[in-house]
Participant: 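Next up is a structure, given as structure tokens.
Along the sequence shown, residues are numbered consecutively beginning with 1. All values derive from a computational prediction rather than experimental measurement.
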Amino acid sequence: MPTDRQQHMNLAGACRLQTAYKTGRTNLLSNVMYSPITLNIRGIVNEEPHPDHTGQMVWKGSTNHQGECEWDTTFAVEPVSASVAPTWLPLLQQGMFGSAAPYSGGTYVSASIKTVLSCTVKATSALSVGKMILIETSAGSSQYNARQIIELSATAPTSEGRVVFWPALSAAPETSARIMPCRTLVMDDTSSDTAASLQSWLTSISRRGEGAVTNNITLNWGGRTHPMLNLTGWARSYAQCAPTSLASAIGTKVATVIAVEDTDRVEEGFVMELRSGTTTLEMIRLDTRNDDGTFVVEAGSRGMNGTSASTQAAGLSMRPYKPSVSAVGSPVPAPYCCVTVGLASATVEKLEGTDGTFTLADGCVPDQQEFCDEWLVPSYGKSDGDARPEIQVTSKLDERQLDSYRANQDGRERGVVVQCGKYINNGRGIFGVMMPNSVRKMQESTAGDGKGSVVATLKWEGRGVRNGAKAVVLFIS
């Protein structure tokens with residue numbers, strides 16, 4: 001017999017950038033849906049210490065920080081292509097990071113300078129210093145290595161110029177090898193107002209957080225599976241909604257006030273389907289909740305998402321509108337994940353391993369005001385030194401890794417690239433992390449079991465530099 005219990009296989013999620021921190025997105029359609037493995041949006045219970053009748057301090061309900069929430073989500077990294085952004089990108093495109101617009105076009109390596117650290121290209125108009133580029137390993141292969149532009153010079157009057165990138169390639173690019181720009185997410189160092197609306201659906205229940213900000217990022221790869229992203233953060237508001245029914249008839253096609261059964265099960269801002277059996281008659285948005293539990297539905301909130309505004313009979317079922325999930329992108333196979341370390345000006349090492357992790361935590365601090373008006377713009381600032389990007393890899397221990405550690409002891413820093421994917425065709429893309437200046441931490445090795453090579457856990461921490469270069473950037477084709 002069917003039950004009303006929620007089922008995890010029906011989980012769906014959506015995220016969309018807001019125009020401002022206090023301006024949420026309520027009508028999230030299929031083009032912003034993604035397939036999470038987990039998505040939890042939790043309202044915060046408001047409590048504070050309060051003296052009871054004995055004078056002892058006990059916890060008691062409070063209105064302080066009322067309506068806030070916290071959230072976390074895990075999903076497979078499924079980049080698409082240079083022209084199509086994944087639907088989960090807004091979760092990274094705010095909080096600690098900003099700027100993810102693709103810069104158009106591409107260019108080709110010319111027959112002039114070609115080294116493992118630089119090359120002459122036929123056009124530099126689409127390139128800029130600090131951006132990540134994808135360099136084709138051989139002309140026409142559609143297989144790429146990600147590097148960061150550290151120097152760029154154009155030759156007048158043509159647009160031909162020289163590109164210097166970091167870290168080094170394993171081999172110099174061939175003539176006519178393609179160089180593709182990609183979306184580059186750079187750590188933001190100013191207070192910000194950029195946030196996303198985040199919504200989850202189970203079988204019929206929906207939860208929403210507006211003003212969602214990502215504060216912790218974890219990328220895992222290897223382990224015989226495709227790479228996964230885990231993100232956590234906070235949001236300025238929380239709302240939830242469950243199925244109910246229309247308590248009285250709607251006798252107009254324009255703005256109106258409606259009454260619903262079980263008013264505690266619905267909240268303002270949700271788009272609801274009015275249904276007769278399995279047929280959707282109309283979609284409406286609950287704009288404002290009145291003190292008596294009724295809802296104002298504005299004229300623009302009638303007949304949404306291709307339905308028509310009409311009179312509706314009492315007793316119709318109402319449930320949160322759940323868009324279909326966009327099926328774009330392809331998971332990156334584990335063998336297509338690679339960690340590249342720049343050891344010297346013209347030397348690079350690729351690490352084979354079993355698993356790896358990139359972490360970046362506690363990069364944002366809410367700027368919530370405690371009186372007059374909450375969440376004044378700017379809405380959050382950047383943490384002072386708490387965010388420390390780190391890459392950890394379980395790899396085979398060899399002498400080169402010891403050399404790398406000794407080199408770091410005298411303050412020399414290395415570039416580290418984590419690249420998930422190597423093709424940008426057939427629906428596949430590339431996602432990754434770049435730490436241009438990183439310090440190698442000592443490895444932890446495990447020996448004595450006699451099972452193959454000695455395994456070591458290697459760590460690098462990202463460092464900023466005085467010229468303003470960021471400690472870490474994210475990139476996606």
Participant: I'd like to check the ring pair (Phe, Tyr, Trp, His ring centres under 6.0 Å) partners of Phe75; sequence neighbours left out, ordered by chain and number.
Facilitator: Tyr34, Trp88

Participant: Quickly, which of Val393, Val416, Ile217 forms a side chain to side chain contact (heavy atoms under 4.5 Å, CB included) with Phe358? Name it, please.
Facilitator: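 In the set Val393, Val416, Ile217, the residue that makes a side chain to side chain contact (heavy atoms under 4.5 Å, CB included) with Phe358 is Ile217.
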
Participant: Roughly how far, to the nearest 0.5 Å, is CE of Met96 from CG of Leu474?
Facilitator: 8.5 Å

Participant: Quick one: are Ile41 and Tyr238 in side-chain contact, heavy atoms under 4.5 Å?
Facilitator: yes

Participant: Taking Ala123's backbone N and O only, do any of them form a donor-acceptor pair with Thr107's side chain (distance below 3.5 Å, no angle check)?
Facilitator: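 It does hold such a pair.
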
Participant: Please check if any side-chain donor atom of Ser138 sits under 3.5 Å from a side-chain acceptor atom of Glu174, or the reverse.
Facilitator: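 No, because no side-chain N or O of Ser138 sits under 3.5 Å from a partner of the opposite role on Glu174.
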
Participant: So, are Glu70 and Arg42 salt-bridged, with charged N and O less than 4.0 Å apart?
Facilitator: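 Answer for the salt bridge query: yes.
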
Participant: Sub-3.5 Å donor-acceptor pair from the side chain of Asn290 to the main-chain atoms of Asp292, do we have one?
Facilitator: no

Participant: State whether the side chain of Asn215 and the backbone N or O of Gly363 hold a donor-acceptor pair below 3.5 Å, judged by distance alone.
Facilitator: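 Yes, the answer is positive, given that a donor and an acceptor are paired below the 3.5 Å cut-off.
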
Participant: Give the intermediate values and the outcome of side chain to side chain donor-acceptor pair (under 3.5 Å) for residues Thr23 and Gln18.
Facilitator: CA-CA 6 Å; Thr23 307; Gln18 299 179 178; over 6 Å; no

Participant: Indicate yes or no for a side-chain donor-acceptor contact from Glu68 to the backbone of Ser237 under 3.5 Å, with no hydrogens or angles considered.
Facilitator: no

Participant: In the structure I gave you, are the side-chain heavy atoms of Leu286 and Met272 within less than 4.5 Å of one another anywhere?
Facilitator: yes

Participant: Between atom CD of Gln240 and atom CD1 of Ile205, what is the distance when rounded to the nearest 0.5 Å?
Facilitator: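 Here the rounded value is 8.0 Å.
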
Participant: Could you grab the distance from atom CZ of Phe475 to atom CZ of Phe431, nearest 0.5 Å is fine?
Facilitator: 8.0 Å

Participant: Measuring from atom CD1 of Ile135 to atom CD1 of Ile149, what distance do you get when rounded to the nearest 0.5 angstrom?
Facilitator: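 Rounded to the nearest 0.5 Å, the CD1-CD1 separation comes to 8.5 Å.
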
Participant: I would like to know whether Glu461 and Arg463 meet salt bridge (Lys or Arg N to Asp or Glu O under 4.0 Å); could you show each step before the answer?
Facilitator: CA-CA 7 Å; Glu461 284 186 357; Arg463 298 288 188 266; 3.1 Å; yes

Participant: Is a donor on one side and an acceptor on the other found under 3.5 Å between the side chain of Glu267 and the backbone of Cys241?
Facilitator: no

Participant: Mind checking side chain to side chain contact (heavy atoms under 4.5 Å, CB included) for Ala313 and listing every partner two or more places apart, or none if nothing turns up?
Facilitator: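 In terms of side chain to side chain contact (heavy atoms under 4.5 Å, CB included), with neighbours along the sequence ignored, Ala313 is linked to no residue.
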
Participant: Going through the checks in order, is the side-chain contact (heavy atoms from CB on, under 4.5 Å) test met by Thr214 and Gln94?
Facilitator: CA-CA 7 Å; Thr214 300; Gln94 41 74 26; 3.2 Å; yes

Participant: Taking C-beta and beyond as the side chain, do Asp72 and Asn216 meet within less than 4.5 Å on heavy atoms?
Facilitator: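 A side-chain contact is absent here, since even the closest heavy-atom pair is not under 4.5 Å.
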
Participant: Using side-chain heavy atoms (C-beta onward) and a distance below 4.5 Å, is Arg25 in contact with Val32?
Facilitator: no

Participant: Hey, is the main chain of Ala12 close enough, under 3.5 Å, to the side chain of Lys322 for a donor-acceptor pair?
Facilitator: no

Participant: Check whether any side-chain heavy atom of Ile430 lies under 4.5 Å from a side-chain heavy atom of Tyr336, and answer yes or no.
Facilitator: no

Participant: Is there a donor-acceptor contact under 3.5 Å from the side chain of Ser30 to the main chain of Pro323?
Facilitator: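 No; zero donor-acceptor contacts below 3.5 Å.
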
Participant: Do Glu282 and Arg302 meet the salt-bridge criterion of a basic N to acidic O distance under 4.0 Å?
Facilitator: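 Yes, this pair counts.
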
Participant: Quick one: do Ile258 and Ile284 satisfy side-chain contact (heavy atoms from CB on, under 4.5 Å)? Show the steps, please.
Facilitator: CA-CA 11 Å; Ile258 67 168; Ile284 63 173; 3.7 Å; yes

Participant: List the atom of Ala212, the atom of Gly209, and the distance in Å for their closest heavy-atom pair.
Facilitator: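 Closest approach of Ala212 to Gly209, heavy atoms only: CB-O, 4.3 Å.
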
Participant: Check step by step if side-chain contact (heavy atoms from CB on, under 4.5 Å) holds for Phe97 and Val472.
Facilitator: CA-CA 10 Å; Phe97 289 88; Val472 60; 4.0 Å; yes

Participant: Look at atom OH of Tyr108 and say whether more than 12 heavy atoms of other residues, nucleotides or ligands are closer to it than 6.0 Å.
Facilitator: no

Participant: Give me the atom names and distance for the closest heavy-atom approach of Gly95 to Tyr380.
Facilitator: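 For Gly95 versus Tyr380, the nearest heavy atoms are N-OH, 2.9 Å.
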
Participant: Using the rule given for side-chain contact (heavy atoms from CB on, under 4.5 Å), can you reason through Gln419 versus Thr340, listing the C-alpha separation, both sets of side-chain angles and the distance that settles it, and then say yes or no?
Facilitator: CA-CA 8 Å; Gln419 181 175 324; Thr340 302; over 6 Å; no

Participant: Would you kindly say whether Gln199 and Ser206 are connected by a side-chain donor-acceptor distance under 3.5 Å?
Facilitator: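 Per modelled atom types, Gln199 and Ser206 side chains form a pair under 3.5 Å.
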
Participant: Verify side chain to side chain donor-acceptor pair (under 3.5 Å) between Thr280 and Glu273, making sure each step is shown before the conclusion.
Facilitator: CA-CA 6 Å; Thr280 299; Glu273 294 183 70; 2.6 Å; yes

Participant: I need the Ser395 OG to Leu458 CG distance, nearest 0.5 Å.
Facilitator: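 Rounded to the nearest 0.5 Å, the OG-CG separation comes out at 5.5 Å.
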
Participant: Supply the atom-to-atom distance Trp71 CH2 to Asn40 CG, rounded to the nearest 0.5 angstrom.
Facilitator: 11.0 Å

Participant: Does any part of the side chain of Ser192, heavy atoms only, come nearer than 4.5 Å to the side chain of Lys382, both counted from C-beta?
Facilitator: yes

Participant: State whether the side chain of Thr184 and the backbone N or O of Met132 hold a donor-acceptor pair below 3.5 Å, judged by distance alone.
Facilitator: yes

Participant: For residues Asn220 and Asn230, is any side-chain donor paired with an opposing acceptor at under 3.5 Å?
Facilitator: no

Participant: Any donor and acceptor pair, going by atom type alone, linking the side chain of Arg319 with main-chain N or O of Arg275 inside 3.5 Å?
Facilitator: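 Such a contact is absent between Arg319 side chain and Arg275 backbone.
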
Participant: Between Glu136 and Ser141 (side chain of the first, backbone of the second, donor and acceptor by atom type, cut-off under 3.5 Å), is there such a pair?
Facilitator: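 Here the side-chain-to-backbone pair exists.
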
Participant: Are Thr26 and Glu210 close enough that some pair of their side-chain heavy atoms sits under 4.5 Å apart?
Facilitator: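 The answer is yes; the side chains approach within 4.5 Å.
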
Participant: Partners of Thr359 by side chain to side chain contact (heavy atoms under 4.5 Å, CB included), sequence neighbours excluded?
Facilitator: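 Residues passing side chain to side chain contact (heavy atoms under 4.5 Å, CB included) with Thr359: Thr218, Thr357, Glu390.
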
